[in-house]
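Okay, structure first, notes after.
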2 protein chains.
Amino acid sequence: MMHQRPRISDVARLAGVSTATVSRALSNPALVSEETRAAVDQAVQATGYRINHAARNLRHRRTGGIVALVPGLANPFFSQILSGIASVLAPAGYNLLVADTRSAGADTLLSYAEPSRADGLIVLDGTLPAAGLTRMPVVLACEWVPGLIAPRVKIDNREAAAMAVNHLADLGHRRIGHVAGPPGNVLTEARQAGWQEACIARGLTPDPALLYPGDFGLDSGQRAARLWLDQPKDSRPTAVFLASDEMACGFIGEVVRHGIRVPQDLSVVGFDDIELVAHIAPPLTTIRQPRNQLGRIAAERLLARLEGRVDDTDTVLPVELVLRGSTAPPRG
Amino acid sequence: MMHQRPRISDVARLAGVSTATVSRALSNPALVSEETRAAVDQAVQATGYRINHAARNLRHRRTGGIVALVPGLANPFFSQILSGIASVLAPAGYNLLVADTRSAGADTLLSYAEPSRADGLIVLDGTLPAAGLTRMPVVLACEWVPGLIAPRVKIDNREAAAMAVNHLADLGHRRIGHVAGPPGNVLTEARQAGWQEACIARGLTPDPALLYPGDFGLDSGQRAARLWLDQPKDSRPTAVFLASDEMACGFIGEVVRHGIRVPQDLSVVGFDDIELVAHIAPPLTTIRQPRNQLGRIAAERLLARLEGRVDDTDTVLPVELVLRGSTAPPRG
DNA sequence: CTGAAAGCGCTTACAG
DNA sequence: CTGAAAGCGCTTACAG
C-alpha cells in the first residue's frame, strides 16, 4: 500500500548527491561530511522521506520481526509478559509479531517461525514440538520445551511451590491440598513436585486424595472445588495451594457459594499474582511472578543472541509470596 | 538471519525451468502446465524451498503486516479481541503486529503506522490523534477516534448502559449510581449518557452525587467504593452500574471488606463480561461484549478494505445483559 | 569523503 | 505455456 512515497533516489536528487551517500548519511552519519549530512537532512525533510523497511530488510537479509508464541492470547497472564517484551523490542527497532499457539494450526506456527518472517523467537508455550523451533535464535520464557537447548528465562517453580506450602504449614495446616496445572506441562510438574517435596520436608503427607487435577483455567478451579466439597469434612485439606490464580478464583467462587468461608474454613494460596486477585474478597494470598520483567529479560536475551552474543545459561527470576487475606490458621 | 536458504533460482535449476516459471507454479499454478507444476513441486520438496517474504513484499509493494494499536496490552479486555483479530489475519497471510499505545511513545506509534511496516491498522484506542492514522487503511474497533472517518466495529454503548439501568430499575432501585470510565474517552461518554438518559426515562434522577469518577482500572473501582462508603447511608445509591468489570471487581472487593453484602445491601452491574467475573463471589451481573467477534469482524473489514472494497459504515454488534448474583431488589 | 555498480530474492509485463 | 529482462528500494564492497 505504498503510494507515491519518496524513495531514497528522490532525496539524493534534491540533495545533489548519490543514493549511496544518502543511505550513509541516514544510517551512519559519521561517514559523511557535515555539509552533506545537512543537505541530506534537509532533503529528507522536504520530501518527507521515510525508509522502506521491506527493501532494507531484503538487503540486510533480516526481517526486523520477533515472534512471540503464546499459549492463549486471551489469557491475562501473558499480556503483561508481552507488554514487557514489546517495551524492549520497540526501541531496538524490532516488530513484535504475536501468534497464538492455541488458535493457530501447527503449520501456521511453523510458518511464523520461518527465517524470512522473523529473526528470532520467544516461546512461551512449553508444549510445542522442539523440532520446528530450531530454525532461528530462540529464547524460552516461563515455560520451556524439554530437549530444546536455548536460554531460558524462568522462575524456580519448585521453590515457589515450597514457599506456598511452608506458609500454610507455618500457619498450622497439616493437610495441604494441591490443584495441579495441565498434564504434561513443565510448570505443572515443577509446582507439583515442589508441593510434594515441601510437604514431606515438613513431615506432612502429600496424599493422592489431596491432589486435584486442573488446567490453569477458571473452570478447572471450580471443578476442583466440587471435588473438595464432596470429600468428607474431617479428611479433606484445610488449605489448598493452586497452580494458578485463575484456578484459585474459580475454586474460591465455588466454595464460597456453598457457604464455606475463606480463610476461616479453608485457606487458599494461588500462583501468578494476576492483577485482579488483590481486589477480590478475600484478597488472594499468592506467589508473584515478575511478569513484566520476565518479558523484558527474554527480549533482551534474544536481542543479545541476534547480535551474536551466545549464552545458553538460564535466568532465574525471584518470586515473592504475597500475603493477603485468603490464608489463616486452621480452625480448632 | 537467513542462512543458506534455497532461493527460487535453486528450485528453477533443479526443475529445469526458469525462475519466472517457478514463481508462477507457486503463486498461480493454473498458469503452468501440469508437468511443469509437478517438476517444480518436486524441486521445492527436494530443496526445502520456502519463500522469502521480504523479497516478495518488496516486489508487491506491500508488507504483509497489520498493526493493532492497543491501549494497554496488559489489559485482559483486549487479549480476546486480539485473539479474534489474529484468528482471521493468520489464514489470510497477514502478520499481526501489536503495539501498546500506553507504553510506546507517540513517535514509535507513528512509526508503526507507516506504510512500509504495515498495510493496515486496527485501532483500539480512541484517544489517539486522528492525524497520524490516515496514512493507510484503518478500522476502528470498540473505541473510535472522533473525526477519523473509517469503518467502526462497535457496540451500542448507550443502549448497553440503558440495559443495565433498566435491569436495576426493574428490581425496584430508585437511586442508581454510575462509576464512569476515564474522562475524554468516547466509551465513557456514551455509557454515562446511557445511564443518564435511562434514569430519566424511568423517572429517576441521575444526581451528580450518584456519579463517581473512574478510569476502567481496578484501583479506580476501589476508590469509587470508598466514596460510596463515605456517603450517608440513606442517600447513597442502592445499586451501582460501573463502566467496566475491572472497576466492579475493585468496587465489590472494597465494600465487602467493609461488611457490605452484595447483593443484599448493594446491587452491582459491571461492563464487558471478562471471563473472571463469572467466578468471583458473588458472580457479577454484567453487560457482555462479543470481544472475540469484535476482533474478527474488525480484521475482516480491514481485509476487505485492503482488497479495495471500501465501505465506511459502522458495524454494531449486539450486547447481552448477563444476569448473575450481584443484583437483587433493594432492602426494605 | 563520495559515486557507480552490483545485488538482496522475488514478480510480472512483454515477447515468443 | 515459457523465458529473458527489468525492477521493487535499499546497502555496501570497491575504487577513486
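The basis for the numbers below is simple: all heavy atoms, side chains too, and nothing from hydrogens, waters or symmetry mates. The sequence lines fix the lettering, A, B, ..., with proteins before strands; numbering per chain opens at 1. Every value quoted in this text rests on a predicted model; they were computed, and no experiment measured them.
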Worksheet item: Can you check the B:Arg59 CZ to C:dT11 C1' distance for me, whole Å?
Response: 4 Å
Discussion item. Once side chain to side chain donor-acceptor pair (under 3.5 Å) is applied, do any residues pair with A:Arg56, and if so which ones, sequence neighbours excluded?
Written reply: none
Response to the item:
In whole angstroms, the gap separating C1' of D:dG3 from CD1 of B:Ile8 amounts to 13 Å
Response to the item:
For DNA chain D, the dot-bracket notation using Watson-Crick and G-U wobble pairs below 3.5 Å, [ ] for pseudoknot-type crossings and | for other-strand pairs, is |||.||||||||.|||
Discussion item. Between C:dG16 and C:dT12, how many Å separate the two C1' atoms, rounded to a whole number?
Written reply: 16 Å
Worksheet item: Under 4.0 Å between a side-chain N/O of B:Arg56 and OP1 or OP2 of C:dT11, yes or no?
Response: yes
Practice prompt. Taking only the side-chain nitrogens and oxygens of B:Ser33, find out if one of them lies under 4.0 Å from OP1 or OP2 of D:dT2.
Written response: yes
Fill in: Under-4.0 Å salt bridge between A:Asp314 and A:Arg301
no
Worksheet entry | Residue whose nearest DNA chain C nucleotide is more 5′ - A:Arg37 or A:Thr19 | A:Arg37
Discussion item. Can you see if the side chain of A:Thr21 gets near the phosphate of C:dG3 - specifically, an N or O under 4.0 Å from OP1 or OP2?
Written reply: yes
Discussion item. Can a donor-acceptor pair be found, under 3.5 Å and without considering hydrogens, that links the side chain of A:Arg24 to the backbone of A:Ala30?
Written reply: no
Give each protein N/O atom lying under 3.5 Å from an N/O atom of nucleotides 13-16 of chain C, with the pair distance.
residue : atom : partner : partner atom : Å
C:dA13  : N6   : B:Arg24 : NH2          : 2.9

Fill in: Chi angles and distances behind the side-chain contact (heavy atoms from CB on, under 4.5 Å) call for A:Thr315, A:Lys154
CA-CA 6 Å; A:Thr315 305; A:Lys154 48 182 289 234; over 6 Å; no
Discussion item. Let's go through B:His53 and A:Thr63 carefully: what are the C-alpha distance in whole Å and the side-chain angles of both, what is the deciding distance for side-chain contact (heavy atoms from CB on, under 4.5 Å) to 0.1 Å, and is it a yes or a no?
Written reply: CA-CA 9 Å; B:His53 292 95; A:Thr63 69; over 6 Å; no
Item to complete: Evaluate the criterion side chain to side chain donor-acceptor pair (under 3.5 Å) for residue pair A:Asn292 and A:Gln80; output intermediate values, then yes/no.
Response: CA-CA 5 Å; A:Asn292 196 69; A:Gln80 244 176 65; over 6 Å; no
Practice prompt. Can you tell me the distance, in whole Å, between the CZ atom of A:Arg13 and the P atom of D:dG9?
Written response: 12 Å
Response to the item:
When rounded to whole Å, the CG to P distance for the pair A:Asn28 and C:dT2 reads 13 Å
Worksheet entry | Euclidean distance, atom CG of residue B:Asn57 to atom P of C:dC10 [Å, nearest integer] | 12 Å
Discussion item. Starting the side chain at C-beta, find the nucleotide from D:dG9, C:dC10, D:dT2 nearest to A:Ala55.
Written reply: D:dG9
Worksheet item: Would you say A:Leu97 and B:Leu96 make side-chain contact, with heavy atoms under 4.5 Å?
Response: no
Worksheet item: To the nearest Å, how far apart are A:Arg50 CZ and D:dG9 P?
Response: 17 Å
Worksheet entry | C:dT12 OP1/OP2 closer than 4.0 Å to side-chain N/O of B:His60 | yes
Discussion item. Around atom CD of A:Glu307, are there more than 12 heavy atoms from other residues, nucleotides or ligands closer than 6.0 Å?
Written reply: yes
Worksheet item: Hey, are the side chains of B:Tyr94 and B:Leu302 touching, using non-hydrogen atoms and a 4.5 Å cut-off?
Response: no
Worksheet item: Starting at CG of A:Leu31 and ending at P of C:dC1, how long is that distance when rounded to a whole Å?
Response: 7 Å
Practice prompt. Look at all strands and tell whether B:Thr36 reaches a base, only sugar-phosphate, or nothing, counting heavy atoms closer than 4.0 Å.
Written response: sugar-phosphate
Worksheet entry | Verdict with supporting geometry, A:Asp10 and A:Thr47, side chain to side chain donor-acceptor pair (under 3.5 Å) | CA-CA 8 Å; A:Asp10 298 315; A:Thr47 54; over 6 Å; no
Worksheet item: C:dG9 P sits how many Å from B:Arg5 CZ, rounded?
Response: 10 Å
